[in-house]
Amino acid sequence: MKKISLILPNDHTEMPVWKYGIGNCPADTLSLMSFFHKKQLTGDDTLFYFLGAGPSEQYLLPFETGTEILLNAGSFLQFASINEGKKKLIIRGELYVATGNDSVSIEVEGSIVKAGSGTKLNIFNYPDEPIIISCIEGLVEIKYQGSVGLLPQYTEAYINKSGLHLSTKKSHAKKACEWVYGKMEAPDLPSALKRILRWYDYPIFFNNRDVENGRVVEFPYRITPVDEMLSIYQRANPGLEFQIHKGKIIVTKIKSTYFEEQSIHFQSGTTSDDP
């Protein structure tokens with residue numbers, strides 16, 4: 001973890017930020033893009049800053065109000081109202097928020113998520129998976145297409161084509177923020193492989209039917225190189241083979257000689273029959 005400074009050009013200020021990652025750290029300062037953008041969230045022209053986290057990168061933003069925001073790999077964040085009493089955020093990817101003495105409004109693909117002071121929540125919003133909003137502590141309000149949902153502690157909301165759905169499965173909500181503490185967690189092996197793709201930035205080929213019953217392994221991903229990670233999964237799944245071939249991670253059943261036509265290449269939403 002390295003401490004850097006984000007330069008906020010329009011405010012002519014610097015904001016301290018912590019960066020997690022594998023490999024070389026960036027320079028001690030990072031200048032943010034800024035723009036005025038009219039969004040449903042604000043109703044008027046508002047100055048937003050843009051921060052993106054690439055593969056093997058996470059950014060922790062500590063605000064003066066006590067609010068902390070952690071941006072996961074493969075995500076981007078637009079944010080305004082740097083140190084005011086109410087923050088405005090737009091998120092694509094995964095975001096963990098622990099509010100301090102202020103409140104936060106987050107725009108997530110047409111929904112508005114509101115969290116008051118003393119709230120902890122996780123938002124999972126990658127293009128290839130359902131949107132999941134998890135309340136870890138406090139109370140979260142969600143507005144989506146005329147529906148309003150309230151999430152108390154350890155509950156979740158799912159947003160898909162059929163609308164807004166609430167869940168009270170505490171085990172799922174508790175695990176939603178395991179990544180914040182450096183643990184790679186997922187409900188099943190296909191989901192885990194997608195997380196591996198976003199962190200390690202390797203194209204991954206696998207057949208859902210081959211890996212759907214595979215074992216998910218919790219490991220400290222921030223400090224684990226890709227070859228060691230594959231060895232961990234190989235030991236946990238003796239019926240599967242995990243290997244790197246020509247810059248790609250390929251997962252197959254042992255003794256398999258070819259992929260079936262449904263093999264999926266999880267990179268940029270594309271599919272492929274041949275790894």
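Taking OH of Tyr96 as the reference point, atom CG of Leu121 lies at 8.5 Å (rounded to 0.5 Å). Here the CH2-CD distance, from Trp199 to Glu57, works out to 8.5 Å after rounding to the nearest 0.5 Å. To the nearest 0.5 Å, atom OG1 of residue Thr224 and atom CG of residue Leu230 are 11.0 Å apart. Rounding to the nearest 0.5 angstrom, the gap separating the CD atom in Glu129 from the CG atom in Asn125 is 10.5 Å. With rounding to the nearest 0.5 Å, the separation of SG in Cys135 from CD1 in Ile142 is 9.0 Å. With values rounded to the nearest 0.5 angstrom, Ile90 atom CD1 is found 5.0 Å from Glu107 atom CD.
The backbone N or O of Glu212 sits nowhere less than 3.5 Å from a side-chain atom of Asp188 that would complete a donor-acceptor pair. Side chain of Thr99 to backbone of Thr67: no donor-acceptor contact under 3.5 angstrom is found. For the pair Glu141 (side chain) and Val113 (backbone), a donor-acceptor distance under 3.5 Å is absent. A donor-acceptor contact shorter than 3.5 Å links the side chain of Ser75 to the backbone of Glu94.
For Tyr233, the ring pair (Phe, Tyr, Trp, His ring centres under 6.0 Å) partners at least two apart in sequence or on another chain are Phe242. Under the ring pair (Phe, Tyr, Trp, His ring centres under 6.0 Å) criterion, Tyr144 pairs with no residue at all, not counting sequence neighbours. Residues satisfying the side chain to side chain donor-acceptor pair (under 3.5 Å) criterion with Asn213, sequence neighbours excluded, are absent altogether.
Nearest approach of Ile254 to Pro238, heavy atoms of both residues: CG1-O, 3.4 Å. Here the closest non-hydrogen pair linking Lys114 and Ser105 is CG-OG, 3.9 Å. A pairwise comparison of heavy atoms in Ala98 and Lys120 identifies CB-CG, 4.0 Å as the closest pair. Counting all heavy atoms, side chain and backbone alike, Leu166 lies closest to Ala157 at CD2-CB, 3.8 Å. Closest approach of Pro203 to Gly247, counting heavy atoms only: CD-O, 3.4 Å. Nearest approach of Gly118 to Glu137, heavy atoms of both residues: O-OE2, 4.0 Å.
Using a 4.5 Å heavy-atom threshold, the side chains of Ile91 and Leu71 count as touching. No side-chain heavy atom of Pro225 sits under 4.5 Å from any side-chain heavy atom of Tyr200. Ile196 is listed as a side-chain neighbour of Met229, based on a closest heavy-atom distance under 4.5 Å. Annotation: side chain of Leu60 is in contact with side chain of Glu68 (closest heavy-atom distance under 4.5 Å). No side-chain heavy atom of Val251 sits less than 4.5 Å from a side-chain heavy atom of Leu189. The closest side-chain heavy-atom distance from Arg222 to Gln58 is below 4.5 Å. Side-chain contact between Glu156 and His165 is absent, with no heavy-atom pair separated by less than 4.5 Å. Looking at Ser134 and Lys175, their side chains never come closer than 4.5 Å, going by heavy atoms from C-beta outward.
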Stepwise side-chain contact (heavy atoms from CB on, under 4.5 Å) check, Leu164 with Ser111 = CA-CA 10 Å; Leu164 177 66; Ser111 65; over 6 Å; no
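Tracing side-chain contacts under 4.5 Å through hydrophobic residues (I, L, V, M, F, W, Y), one reaches Trp179 starting from Ile232; they form part of the same cluster. If you chain together hydrophobic residues whose side chains sit under 4.5 Å apart, Ile69 and Ile136 never meet in one group. A chain of hydrophobic side-chain contacts below 4.5 Å, direct or via other Ile, Leu, Val, Met, Phe, Trp or Tyr residues, connects Ile244 to Leu197. Val217 and Met184 end up in the same hydrophobic cluster when Ile, Leu, Val, Met, Phe, Trp and Tyr side chains are linked at under 4.5 Å. Val97 is not connected to Leu150 by any chain of hydrophobic side-chain contacts under 4.5 Å among Ile, Leu, Val, Met, Phe, Trp and Tyr, and they are in different clusters.
Phe124 pairs with exactly one of Asn72, Ile133, Ile132 by the side chain to side chain contact (heavy atoms under 4.5 Å, CB included) rule, that one being Ile132.
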